[in-house]
Amino acid sequence: MRIPFIAGNWKMNTTVGEAEKLVKEMVIPLDAIGGIEKVLCPPFVSLLSVKKIIQGFDVGLGAQNMYFELKGAYTGEISPLMLGELCEYVILGHSERRLYFGEVDDLINRKVRASLDNGLKPILCVGEKPDEKEEGRTEEVIGRQLRGALSGIEPTVKLTVAYEPVWAIGTGKAASGEQATVTVDFIREVVAGLWNREVASGVRVLYGGSVTASNVGEFVASSGIDGALIGGASLRSEEFVSIVSRTADLKGAR
Ligand code: PEP
């Protein structure tokens, strides 16, 4: 049984004060929605403040990135040990990290390993770019990203995979429910091939890319899609709560 899951990626938005205000607006309504996991991923500098505000509520916390070393001379980086005191989840391999910060599959693999070794649960993002989609290479690209990121990693249901087509992120042009379903099913097949079918059937797979309260139903109505990774809409408290609520209803979680 996979518990439905909605995570909000705030990206490089909100000062500490703004993050506190945003989480205070949503924590009580989110807490009231049962049977679904909701996780907020604010910027690093707000993790501690947000952690204090969500304490005692049924709302989880994640980071947006992490380095793989535990400590040392890596100016500007954040380690799994540091995150372990603050949060449960970490987003890894987001397409913006791949695009703007040159992250490649081998680096992402080290990060996935380090997160799991240190008790964090990775949300691994994969997805094809617009030209790769046009060329019909979606499965080839995603297969490569998954094999790269999961190479040598022990099978575990602590992994969540987010299918985030790059052409859908922040563009207002979400995939169709059908497109997302086909690729999410493919992702679970690849994980089953790399690990085994039993673990793959317990690994949650999310869709991400221009999800809003109006279209989330298209995705979560699919039995293979366990929820969504939300960017822009996670910065609007009412909309984020609606997304969680709609998902809980459609998944029969409450
Ligand atoms: C994301 O960045 O993970 C994302 C899904 O963004 P958006 O919802 O804004 O498309």
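Remember, it's 1-based here, ligands and their atoms both numbered in the order they're listed. All values derive from a computational prediction rather than experimental measurement. All residue numbers in this chain count up from 1 along the given sequence.
- In E154, the CD atom is not crowded: 12 or fewer heavy atoms of neighbouring residues, nucleotides or ligands sit closer than 6.0 Å.
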Distances under 3.5 Å, N/O of ligand 1 against N/O of the protein: list each pair and its distance.
residue	atom	partner	partner atom	Å
ligand 1	2 (O)	K11	NZ	2.5
ligand 1	2 (O)	H94	NE2	2.8
ligand 1	3 (O)	H94	NE2	3.0
ligand 1	3 (O)	E164	OE1	3.0
ligand 1	3 (O)	E164	OE2	2.8
ligand 1	6 (O)	K11	NZ	3.4
ligand 1	8 (O)	G231	N	2.8
ligand 1	9 (O)	G232	N	2.8
ligand 1	10 (O)	G170	N	2.6
ligand 1	10 (O)	S210	N	2.7

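- A ring-centre distance under 6.0 Å is not found for Y163 and F219.
- When hydrophobic residues (I, L, V, M, F, W, Y) are linked wherever their side-chain heavy atoms come within less than 4.5 Å, the members clustered with V16 are V45.
- Evaluation of the ring pair (Phe, Tyr, Trp, His ring centres under 6.0 Å) rule for Y74 yields Y67 as partners, not counting sequence neighbours.
- Grouped by direct or indirect side-chain proximity (heavy atoms under 4.5 Å, Ile/Leu/Val/Met/Phe/Trp/Tyr only), L81 sits with L70.
- Remark: R197 CZ is loosely packed, at most 12 non-hydrogen atoms of other residues, nucleotides or ligands lying under 6.0 Å away.
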